[in-house]
Amino acid sequence: MDALDVLKAKYLDGIAAAGDEAALEEIRLAALGKKGEISLKMRELGKMTPEERQTVGKALNVLKDEIDAALRAKKTALADAALDARLAQEWLDVTLPGRPRRQGTIHPVSQVMDEVTAIFADMGFAVAEGPQVESDWYNFDALNIAPEHPARQEHDTFFMARDPADPRPPHVLRTHTSPVQIRAMQAQGAPIRVIAPGRVYRMDMDQTHTPMFHQVEGMAIGKDISMANLKWVLEEFCKAFFEVDNVELRFRASHFPFTEPSAEVDIRCSWEGGQLKIGEGNDWMEILGSGMMHPKVLEAGGIDPNEWQGFAFGMGIDRLAMLKYGIPDLRAFFESDLRWLRHYGFAALDLPTVFGGLSK
Ligand code: DAH
């Protein structure tokens, strides 16, 4: 074996054994660097005879290329191995199920609002909104509740502070969602189909009353909307909401200033063994107020009552939640007790839809 073969074996073995890029660089410098072994040998060519130079020069070039190629190949191999090692370490099985931590839950009131909204959206109702601090006019007058009307007292209204020198009546915390009827009519005109879920306020507090609670208002106005449409819509709603195939509703004559005629609606149910069942049994439970919109209310909303007519209804969302999910005390709804929220709350990503199931 001549001297070049020895050199070649030495460097190729060194390259094969190198464990990282730093070791490779050391070998490159030792062989091909300015003062490397091969470079020095190249420099010696000058002292040789032309014949010697030809053969030795060629052999040195071949050796230099071989070492160079081996260095490059090893460098790539080291980089690949490093990537493989990293991929193996950072590997993650994305098919594993997530860990449900249930840190936060959807409050039953939000859940029921979403359920109600999904059901009415399916029947072509849009969602309308109004302010919680409402003017006396929207909350009462526009709804045909005159200043001396007893309904004003029955609403146990919270009044906002007003400069005593100001002759205008003070604003109120809205006592029902009905003022949104007026705002929606003014904003959209007729025909119209909306629901308006939201917070309302009355000075009242016991096991079934809290000073703040939630209602959902509904309203549909068209050329020939009638009580029959109201009945169908409410029956469809109750079937979907209580997730039963049959419901029976009873329309009981009643009185509201904003509807004529007015009806309170009861649903057939049973309370066997303290367990509420909707759609069967011999009991009736009141669930909402409703009626045909009073001409004066249409007028207040800027809609001609000679041309249009409509129905409206209003119901308590908290009460719906208590009934559907068997929650006994209304006050607990607003105490933010984490144990209560974990027990009665809903998973955050289970959005209720009519087609996918409301409460799962
Ligand atoms: N606003 C009524 C209340 O708070 C509920 C109501 C009754 C709303 C009849 C209506 C209706 O739209 O037609 O007690």
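Starting from 1, each residue takes its place in the sequence as its number. Numbering of ligands and ligand atoms starts at 1, following listing order.
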In terms of residue, atom name and distance, what is the protein heavy atom nearest to atom 12 (O) of ligand 1? Glu217 OE2, 2.5 Å
Report yes or no: does a heavy atom of Gln215 sit under 4.0 Å from some atom of ligand 1? yes
As a check for students: among Glu264, His176, His155, identify the option with a heavy atom nearest to atom 1 (N) of ligand 1. His176
Can you see whether Thr175 engages Asn139 through a side-chain donor-acceptor pair at a distance of less than 3.5 angstrom? yes
Between Met315 and ligand 1, which residue portion shows a heavy-atom distance shorter than 4.0 Å: side chain, backbone, both, or neither? neither
Does one side chain, of Glu37 or Tyr11, offer a donor that lies under 3.5 Å from an acceptor on the other? yes
Please tell me whether Asp224 and Ser226 have a donor and an acceptor in their side chains that are separated by less than 3.5 angstrom. no
Please round to the nearest 0.5 Å and tell me the distance separating atom CD of Glu154 and atom CZ of Arg202. 9.0 Å
Option of least heavy-atom distance to atom 7 (C) of ligand 1 (set: Ser254, Gly289, Gly218): Gly289
With atoms numbered from 1 as shown, which atoms in ligand 1 lie under 4.0 angstrom from a non-hydrogen atom of Phe256? 7 (C), 9 (C)
Counting only heavy atoms from other residues, nucleotides and ligands, does the tally under 6.0 Å from CE of Met48 exceed 12? yes
Verify the distance criterion only: is there a donor paired with an acceptor across the side chains of Glu134 and Tyr201 at less than 3.5 Å? no
Side-chain ion pair, Lys223 and Glu307, N-O less than 4.0 Å: yes
Atoms in ligand 1 with a heavy atom of Gly291 nearer than 4.0 Å: 13 (O)
Note: Gln181, heavy atoms under 4.0 Å from ligand 1, region reported as side chain
Is there a polar contact between ligand 1 and Thr259, counting only N or O atoms under 3.5 Å apart? no
Minimal non-hydrogen separation, Leu45 against Arg53, with atom names: O-NE, 3.3 Å
What protein heavy atom sits nearest atom 14 (O) of ligand 1, and how far away is it? Arg202 NH2, 3.7 Å
Honestly, for Ala312 the part within reach of ligand 1 (heavy atoms, under 4.0 Å) is both
Return the closest protein heavy atom for atom 2 (C) of ligand 1 as residue, atom name and distance. Phe258 CZ, 3.8 Å
